[in-house]
Amino acid sequence: MTPSAFWQQVRWVFTKDLRVEVRGGVTLRMATPFAALALLLAPLATGTDTALLRRIGPGMLWLVVILFGMTVTLRSGAREPGPVRDLLTLSGLDPAAGFLGRSLASAVLLFGVTLVLTPLMIVLYAPEGRPGWGWLALLAVAGVMALGLLGSLVATLVTGLRERTALGPLLAIPLAVPVLLATARGTDSAISQQGSLSWLLLLVAMNLALVIVGVLLAGPMDETTR
Amino acid sequence: MAARAPGCFADRPLVSEAGMAGSWVLFGYLVAYGALAIYAGHQAYRLRRARRRLPPEI
Amino acid sequence: MNRRHVLIPAGALLAIVVGFLVWGGLTDNVVYYLTPSEAVDQRAGQEPGYRFRLGGLVEADWLRGTDDGVEFVVGDGAVSIDVVHTGAVPQLFRPGIGVVVEGAWEGDTFRSDTLLINHDEQYRAVDGEGTYQVPTAGP
Amino acid sequence: MSPATRSSTCRRPDTMTRETATLHPRSRAITSTGVAALCLMATGLYMAATAPDEETQGEAARLLFVHVPSAITAYIALGAGLVTAVWYLIRRSPAADLVSAAAIEVGVLFTAITLLTGMIWGRFVWGVWWDWGDARMVSTAVLFFFYLGYLALRRSISDPRVRAVRCAVLGIVGFVQVPIVHYSVLWFRTLHQGPSIIRPDLANSTMDAAFVAPLGAALAAFIAILAYLVAVRVRLARLEAAVDRAASTSQPVGASVGPPSGLSV
C-alpha cells in the first residue's frame, strides 16, 4: 500500500468515528457532565481548604479527564461491531490505519472534554498565577493523543469480553500514569512560568512508542476480533 | 540562623537496638518466603486436583 | 506489511526524544526535594507558608532532642539550614546521615513535621574488612 | 468409562501420545530443579545470616538479600514473558504462550514480594511504609497493578488462540514499564537509593565485598526458584487444558470426570 492510500484510510476511519459521535453523542451528553460533576464534588471530599484547592486544581482536571475520558475512549476506540467491521475488512482496510484513525478520533473527543472542563476548573479551583497558554495547549494535545492511542489499543484487547467495562480501565489506567504526571505537573510548571519541555517530551516519547507498538501489533490484534 | 553549639541527643538512643532491627529483618524474610511457600503450595494443590479430574485414559 | 513509512520516522523520532530526555539532563526539574542551596535561592519567589521538601545531610555539630521532636542542621556542604522537627524520629537518625524533611520556612528556620531518612547506596561492613572506600563527595 | 464413550472422544492417536508424555505425573527435570532451588535457598539463607552487620543499618541490611534478588528476579520473569510473547506472535506456538503466561504470573508474585519487603525495609530505614514522592515505589506499584490486569484478562478469555494473541500484545506493551522502574532512581532525585552494583560507573561498586557474595547466592537461589515455579505453572496449565478438553469432549460427564474445571480456573 502506498503511503497516501494508507493515510486516506486513516482519514476515513477518523471521520467515520467523529460522525458517529456527532450523531450519537455519548461523550458530550454523558461523559462530560459526569466529569464536571466529579470536579464539583472533589472539594467536598478534601474539605474547602482554598489554598489546597488552588494547588490541586490542574491535577484534578487531568485526573478527571483520564478517569472519565478513558471510559469514553474505551467505548469509541473499540473495533466496530458486526456488519461495519465486516464491511471494513472486505474493503481492505489496513488494521494499522484503522488503529490510527480510531485513536485520532478518540483524541479529538478527549480534547473536546478537556476544553469544556478547563474553564470550569479555573473557575472552581482558581489556580494561582497566569498560565503559559502555549505550553498548556501543547501539553493538552500531546496528553489526549497518548490517551487516545492507549484507549484504542486496550479497547481492542478487551473487545467482546463480558468483563470489558471493568477490565479496560484496569489495563489502561496504569499505563496512563505518565500522562497524568506529565500533564498535571507540566500544567503546574506552565502556570508558575517555568518551561514544561521535559514533560512535553515525555508525552511525545510515549505517543511515538504507542504508535510504533500499535501499528506493529494491529494485525494480530485485529485477527482476534473478527 | 541560630547560634551553633555542640549539641547532644542524649535523652533518646541514637542507634537502634540490634534486636529491633533483627525483628524487622525476620518480618521481611517471613513475608517473602511465606509468599513463595503459599504460591508453591497453591500450585501443588491445583496440580493434584487437575490430575484427579483427568479422565483415566490419558 | 508495508508500514515502513510510519514505523521508520516514528522510531527515529522516538530515539531522538528518548536520548534527549535521558542524556539532556531534562529531568532536573522533576525534583522530589530541594537541596539547602536551592531552598535558599528559591525562597524569594515563594509565598509564605509554601510547603516543600528539603534534603541534605545532618550536620554533626548541632543536634538536640526536644520534648516532641528534634532540632538539627541540614547542609549540603555550601549552605546550612536550621531545622525544627516536630513528630516521630526514625531509628536511624544520627549525625552525618541523609534526611528529607517536609515543611515550610518559619523565619530563618525550617519547621518540619515529616522526617524521612534518605539512606545512600553505600554498604559498609561493620568489621571493616571490606575493600570499599568512603568517597568524599556529598550525596 | 465404557469403550463407547472413549471412542467418542475423537482425538487422533498421535496427539494422545504427546499429551501422555507431557502430562506424566512426575517429571525428573522439574523435580531436580526444585531440589536445586531448595539447596541454593539454604545456602543463600546461611550466607545472609552470617554476613556482617552494616555500618549504618546494622542487622537491617540483611533485607538486601531478599529485596534486591526478588526485584531482579521479577525483571527477569517479566522479560522472559516479553520474549516468549514476541516468540508466540512470530511462530504461533501454544507452548510459547503458556510459558509467557507462567513467567508473567510468577513475575507478579516476585513484584509483590519486592513491594512488601521494600515497604518493610523502608519502614525501618526511612521511617515510613510508603512515600508518594518516591518514583521507584510508585512506579513499581503501577507495574504491579498493570500485570494484575494482565492476569485478569487471561482469566476472562476462554478461546485459547484469542487469549494467546491478546495476552502476547499486552505482555509486550506492559514491559515498557520495566526500564522506567529501573532507571527512575537515576533519572529523578528521589528517596530510594541509587543502584550499588549495576550503576553507570560499573567499576565503582559502592558495596563491600562482604555483601556481594551473599547477594549473589540469594540471587542464584531466587532465579532457581523462578525456573522451578514457571516449570510447575506451565505443567499445571497443560494439565488444566487437558482436563477442559476431556470435559468438553466426553459429555455426558462420567463419574470419574467431575464438574467442568472451567468454573474453578
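Naming convention: chains lettered A, B, ... in sequence-line order (proteins, then strands); numbering from 1 in each chain.
When each of Gln177(D), Arg161(D), Arg92(D) is scored by its heavy-atom pairs under 4.5 Å with chain A, the top score falls to Arg92(D).
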* To do: Could you check Arg166(D) against Thr159(A) for side chain to side chain contact (heavy atoms under 4.5 Å, CB included), going step by step and ending with a plain yes or no?
  => CA-CA 10 Å; Arg166(D) 292 192 186 179; Thr159(A) 304; 3.9 Å; yes

* Asked: Yes or no on side chain to side chain contact (heavy atoms under 4.5 Å, CB included) for Leu217(A) and Leu89(D), after CA distance, side-chain angles and deciding distance?
  -> CA-CA 9 Å; Leu217(A) 300 179; Leu89(D) 285 183; 3.6 Å; yes

* Take Glu163(A) and Ile157(D) through the side chain to side chain contact (heavy atoms under 4.5 Å, CB included) test and state the conclusion after the steps. => CA-CA 9 Å; Glu163(A) 300 87 342; Ile157(D) 308 177; over 6 Å; no

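If you measure heavy-atom distances from Tyr150(D) to chain A, the contacts under 4.5 Å come from the backbone alone. With a 4.5 Å cut-off on non-hydrogen atoms, Val158(A) touches chain D through its backbone and its side chain both. For Leu153(D), the parts lying near chain A are the backbone and the side chain together; criterion is any non-hydrogen pair under 4.5 Å. Both the backbone and the side chain of Leu171(A) come within less than 4.5 Å of a heavy atom in chain D.
Interatomic distance, Leu153(A) CG to Leu170(D) CG, rounded to the nearest 0.5 Å: 8.0 Å. To the nearest 0.5 Å, atoms CZ (Phe146(D)) and CD1 (Ile173(A)) are separated by 13.0 Å.
Enclosure of atom OH in Tyr125(A) by more than 12 non-hydrogen atoms of other residues, nucleotides or ligands within 6.0 angstrom is indicated.
Counting heavy atoms from C-beta outward, Leu167(A) and Ser156(D) have side chains that approach closer than 4.5 Å.
The two residues Ala152(D) and Leu170(A) have their closest heavy-atom pair at CB-CD2, 4.4 Å.
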